[in-house]
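Chain naming here is simple, since letters A, B, ... match the order of the sequence lines and numbering starts at 1 in each. Worth knowing before you read on, the calculation uses all heavy atoms, side chains too, and leaves out hydrogens, waters and symmetry mates. Nothing here was measured: the structure is a model prediction, and the numbers come from that model.
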Amino acid sequence: MGFLLAVTAGALFAAGLYMILRRSLVKNLVGLLLLSYAVNLLLFNSAELIPARPPLIAAGESLPPDVYADPLPQALILTAIVISFGLTAFAVVLVRKVYQVLGSDDLNVMHCTDIPCEEKELEIPEEHLEETP
Amino acid sequence: MIALPILIPLFGGVFCLLAWNHIRWQRVITLIGSALLLMVAIWMLFFVQQNGIQSLQIGNWSAPFGIVIAVDLFNAIMVLVVATIAFVIAIYAQAGMDMARIRYGFFSLYFFLLMGVNGAFITGDLFNLYVWFEVMLMSSFVLIALGGERPQIEGSIKYVILNLLSSILFLSGIGLVYNLGGTLNMADLALNLPQVKPAGQVTLVAILFMVAFGIKSAAFPLFFWLPASYHTPPVTITALFSGLLTKVGVYSLFRVFTLLFTQDTQFTHTILLVIAGFTMVTGVLGAAAQTDMRRLLSFHIVSQIGYLWMGLGLFSKPALAASIYFMVHVILAKTALFLVAGIVDRMQGSFDLKKLGGLYKTHFGVALLFLLPAFSLAGIPPLSGFFAKLLLVIAGFELHQGIIIAVALGVSVLTLYSMTKVWNEAFWKEPPEKAQALKPVSAWMWAPVIGLVVISVCLGLFADPVMGLAEQAAGQLINPSEYIQAVMGVRP
């Protein structure tokens, strides 16, 4: 099971990296999502997977049993999922905003921060103007 | 008590949100909150210096199971510098920020950013470090995109994607470290990681952390997001970012590469040193080609990060002390430069060096305010940059690292060249023909810049006591047993 998870995480990492290298912003976003899934699987796999051994302390004892499933990775994943959910929500809004302002989601169009643009390139395209707050 | 650097910004941010429609209240809360933070930071530094490393087990779960806050001298120094910058910017923002951005919650975002930064500094747990990073990043994402002008949106998309990638790498590193060390408490990890066999696994994970923090701290070849995004928001936000964000990356790098990953310093710290050299050179060469003041200064951030990495790469007590001193110096000087650029822009309506000029004749004060931190950055005695670089070079000589010293000194000359360029263009040359009349600048913007420059100059004039403090802090970093004992309660 651990091996299977590792292979899946690896495949997700590869797919995510491939997508993040594409020119389209939406594909980049998908890439980031895949990468965060990959990390979650990796976190899940970071402690040994032990089935049917809950980390519960029996009544009257003060220590958990010798062999128990480590609950910490799951807590970490939960936190990571919540954080990546928030970040993804923000990124989606940002990508939409980029499309409104630039009229394109092609990364090659976004060179104004590196090679200064002409004044007329900086104008917001008319068909998107009414949407821009 | 040592949780206050997190709690004050938290309450400040929440109160600012509650006073959403009352801008006047938000301004007052910002000023009071940042002043309080500064006072707490000063108190904390004295307290830690006298009573040793402090730690706090949140919820009374004993380490390594609970969440730990630990403050050693290095943390305390960083928190104090950040609080100083925060206070200065709180004043500057009163006049420096436009109303539209203030209405959209600039002040509360400012507080949440500070909370993330301070949290990252004082946490003693690797996963919490990640969480605080995210708190900081989230606020900075919104701050950098706030306003929605075209360059801003373009800059922020690059900033957001690359920083998210870095967070993902950081989180994978955390997963792997947990697998190797069985804990995420940094002090406990420092005890467990040396026992991992084969030790190569730890080095592998260390490189993952190096890349993640390399993106955050904008080191070569991972810095491209910084010059693409930092010049796009208003200069108040840029100044805030330049003082805080990349330095948190450097801080984390210092923490993990002095506490956790010291098994194979021959390998890892040599890489750090090589990256440091390349970062310095590419940053300063990039700056030499720019004609926009903010872009030029952004490239200088990258170049200065190289010096910080150099101290860590040399990895000796004097080198770390020099790096800590350098960190204090560069945060103060760099923020001052950005804020002066903001004043120049307010006066002449541009950051473009071609459109500026003649300020030396009409406003000698502004010229002086620029000149002092600029010379400090280039390393002219008796300003702070000179001592910082001198100490780094001496530390390098002790370890016979001739190449990196040559690079550091060469970059220093180039820094002077590009500062002279700004000086010539913005202050010395005749004003361009079509120049508009100079606009007045509010005292809210003058006062903090003057204060910051005075602090920066004092850092040079009274270098000895600060250096003594930095040496103490470096001693705690190079020999982490005191830190481990403070957190775990047992001597390793």
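- By number of non-hydrogen pairs under 4.5 angstrom with chain B, the leading residue of A:N40, A:N45, A:I83, A:T79 is A:I83.
- Between B:I153 atom CD1 and A:Y99 atom OH the span is 15.5 Å, to the nearest 0.5 Å.
- Of the listed residues (A:L107, A:L87, A:L43, A:V95), the one with the most heavy-atom contacts under 4.5 Å to chain B is A:L87.
- Near-neighbour residues of residues 18-34 of chain A relative to chain B, defined by a heavy atom under 4.5 Å from a heavy atom of that chain, comprise A:I20, A:L25, A:N28, A:L32.
- There is no contact between B:S167 and chain A, counting heavy-atom distances below 4.5 Å.
- By the neighbour-count criterion of 12 heavy atoms within 6.0 Å, atom CZ of A:F90 is densely surrounded, having more than that number from other residues, nucleotides or ligands.
- Contact of B:L184 with chain A is made through the side chain alone, with heavy-atom distances under 4.5 Å.
- The parts of B:S172 that come within reach of chain A are both its backbone and its side chain, each placing non-hydrogen atoms under 4.5 angstrom from that chain.
- With a threshold of 4.5 angstrom between heavy atoms, A:V39 approaches chain B through side-chain atoms but not through N, CA, C or O.
- If you measure heavy-atom distances from B:F141 to chain A, the contacts under 4.5 Å come from both the backbone and the side chain.
- Only the side chain of A:F13 comes within less than 4.5 Å of a heavy atom in chain B; its backbone stays farther off.
- Heavy-atom distances place the side chain of B:Y130, and not its backbone, under 4.5 Å from chain A.
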Walk me through whether B:L176 and A:L42 qualify under side-chain contact (heavy atoms from CB on, under 4.5 Å). CA-CA 8 Å; B:L176 295 174; A:L42 186 139; 4.2 Å; yes
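- Of the atoms belonging to B:V142, heavy atoms from both backbone and side chain fall under 4.5 Å from chain A.
- In this structure, the portions of B:A228 lying under 4.5 Å from any heavy atom of chain A include both its backbone and its side chain.
- Top candidate by heavy-atom pairs under 4.5 Å with chain A, chosen from B:L180, B:V160, B:L164, is B:L164.
- Taking each heavy atom of B:G175 and A:S46 in turn, the nearest pair found is O-CB, 3.2 Å.
- Considering only heavy-atom pairs separated by less than 4.5 Å from chain A, the leading option among B:P227, B:S156, B:G182 is B:S156.
- Identified by a heavy-atom distance below 4.5 Å to chain B, the contributing residues of residues 70-77 of chain A are A:D70, A:L72, A:P73, A:L76, in residue-number order.
- Taking each heavy atom of A:S36 and B:I168 in turn, the nearest pair found is N-CD1, 4.1 Å.
- The environment of CE in B:M99 is crowded: more than 12 heavy-atom neighbours from other residues, nucleotides or ligands sit within 6.0 Å.
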